[in-house]
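These notes concern the structure reproduced below.
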Amino acid sequence: MEENKMPLLSVSNVTKIYNEYKALDDVSFNIGAGITALLGNNGAGKTTLINGIVGLIEVNQGTFLLNEMDNAKESKEFRRHLGFLPQECGYYDEFTALQFLRYMGAVKNVPRKKCDEVIEKYMTRLKLWEHRNKKISKYSGGMKHRLGIIQAMLNEPMLLILDEPTTGLDYVERGIFSDMMREYAKEHIVIISTHIFSDVENIAENVLILDAGKLVCNEKFEKGASIIEKYKKYFEG
Ligand SMILES: Nc1ncnc2c1ncn2[C@@H]1O[C@H](COP(=O)(O)OP(=O)(O)OP(=O)(O)O)[C@@H](O)[C@H]1O
Ligand SMILES: [Mg+2]
């Protein structure tokens, strides 16, 4: 596959059933490079959808294609192009941040030199470089969260999925995060699931809204608009 081709994620007719309840009900959408906000009330199916895309769960029906790659049939290749920050991310407290990131890079098969370059770039950007040799046990919540974002980006993935990435970030860090994502999304697909609408209003180009497992909104978003004003009806449930 050409590495520099514009990315496209195609989700087709995905259904996931838990005990007869359709957590995802025939969900289909296509998204390309740019930032997509994945929204919906508690229990709407966001995490289920993300878990399906990243291959943590099997769905009952439907497919996830990243360009030509099918996440069920070519999971290894698919994962090579995927970066993921789960809502709850575990760390190795006794590792230093640098050791942790190098370890994650090795797990992801990122060549060492490339990995070190990416680590320095993003640790500098997210103001962690000077803290690289500190043990993670000494990191604050916000610092750990930034480390989680960096581990998701080590392979500079074509598809970057971040579940609640701004939890615990202060005002300044949120700004840095937004700028970084805006830049990264020029050539990559970035999906951000969040309940903090203000964090995506200025950067999202697309909005997906799930409601009780159904995709009820899939449209271009005019940056700077108010999500709650535009989509209030979906959040009043
Ligand atoms: N492993 C599971 N077994 C049974 N039901 C599940 C399981 N995981 C999720 N569900 C159900 O599927 C539905 C969707 O859950 P999901 O976690 O995807 O929602 P969400 O949109 O991520 O919500 P939140 O905003 O609270 O994180 C919910 O009704 C949930 O109870
Ligand atoms: Mg969730």
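Both ligands and their constituent atoms are indexed starting at 1 by order of listing. Excluded from the calculations below are hydrogen atoms, water molecules and symmetry mates; all remaining heavy atoms, backbone and side chain alike, are included. Heads up: numbering here begins at 1 and tracks the sequence.
A salt bridge links E94 with K135: the closest approach of a Lys/Arg side-chain nitrogen to an acidic carboxylate oxygen falls below 4.0 angstrom. Electrostatic pairing of E201 and K223 does not count as a salt bridge here, judged by no charged N lying under 4.0 Å from a carboxylate O. A salt bridge links D116 with R112: the distance from a Lys NZ or Arg NE/NH1/NH2 to an Asp or Glu carboxylate oxygen falls below 4.0 Å. Under a 4.0 Å N-O distance rule, the pair E117/K121 does not qualify as a salt bridge.
Listed by number with element, the atoms of ligand 1 under 4.0 angstrom from any heavy atom of A44 are 19 (O), 20 (P), 21 (O).
Looking from atom 26 (O) of ligand 1 to the surrounding protein, the closest heavy atom is N42 ND2, 3.0 Å. For atom 25 (O) of ligand 1, the nearest non-hydrogen atom of the protein is K46 NZ, 2.7 Å. Annotation: atom 8 (N) of ligand 1 to nearest protein heavy atom, Y18 CE1, 3.4 Å. Of the protein's non-hydrogen atoms, the one nearest atom 12 (O) of ligand 1 is A23 CB, 3.4 Å. Looking from atom 16 (P) of ligand 1 to the surrounding protein, the closest heavy atom is T48 OG1, 3.6 Å.
A pairwise comparison of heavy atoms in I50 and S193 identifies CD1-CB, 3.8 Å as the closest pair.
For atom 31 (O) of ligand 1, the protein comes within 4.0 Å by no heavy atom at all. In this structure, atom 28 (C) of ligand 1 has a protein heavy-atom contact shorter than 4.0 Å.
Counting non-hydrogen atoms of neighbouring residues, nucleotides and ligands closer than 6.0 angstrom, the CD atom of Q87 exceeds 12 such neighbours.
In this structure, of T47, T194, L49, the residue bringing a heavy atom nearest to atom 22 (O) of ligand 1 is T47. Checking A212, G213, G52, G43 against atom 14 (C) of ligand 1, the nearest heavy atom belongs to G43.
For the ligand labelled ligand 1, residue N41 lies inside the 4.0 Å heavy-atom shell. For the pair H195 and ligand 1, a heavy-atom separation below 4.0 Å is found.
Within the 2.8 Å limit, T48 places no N, O or S atom next to the Mg ion (ligand 2).
The six-membered or imidazole ring of Y139 lies away from that of F100, with a centre-to-centre distance of 6.0 Å or more.
Ligand 1 has a nitrogen or oxygen under 3.5 angstrom from a nitrogen or oxygen of G45.
Annotation: cation-pi pair K16/Y18 present, NZ/CZ under 6.0 Å from the ring centroid and within 45° of its normal.
One hydrophobic cluster, built from ILVMFWY side chains closer than 4.5 Å, cannot hold both F64 and I57; they sit in different ones.
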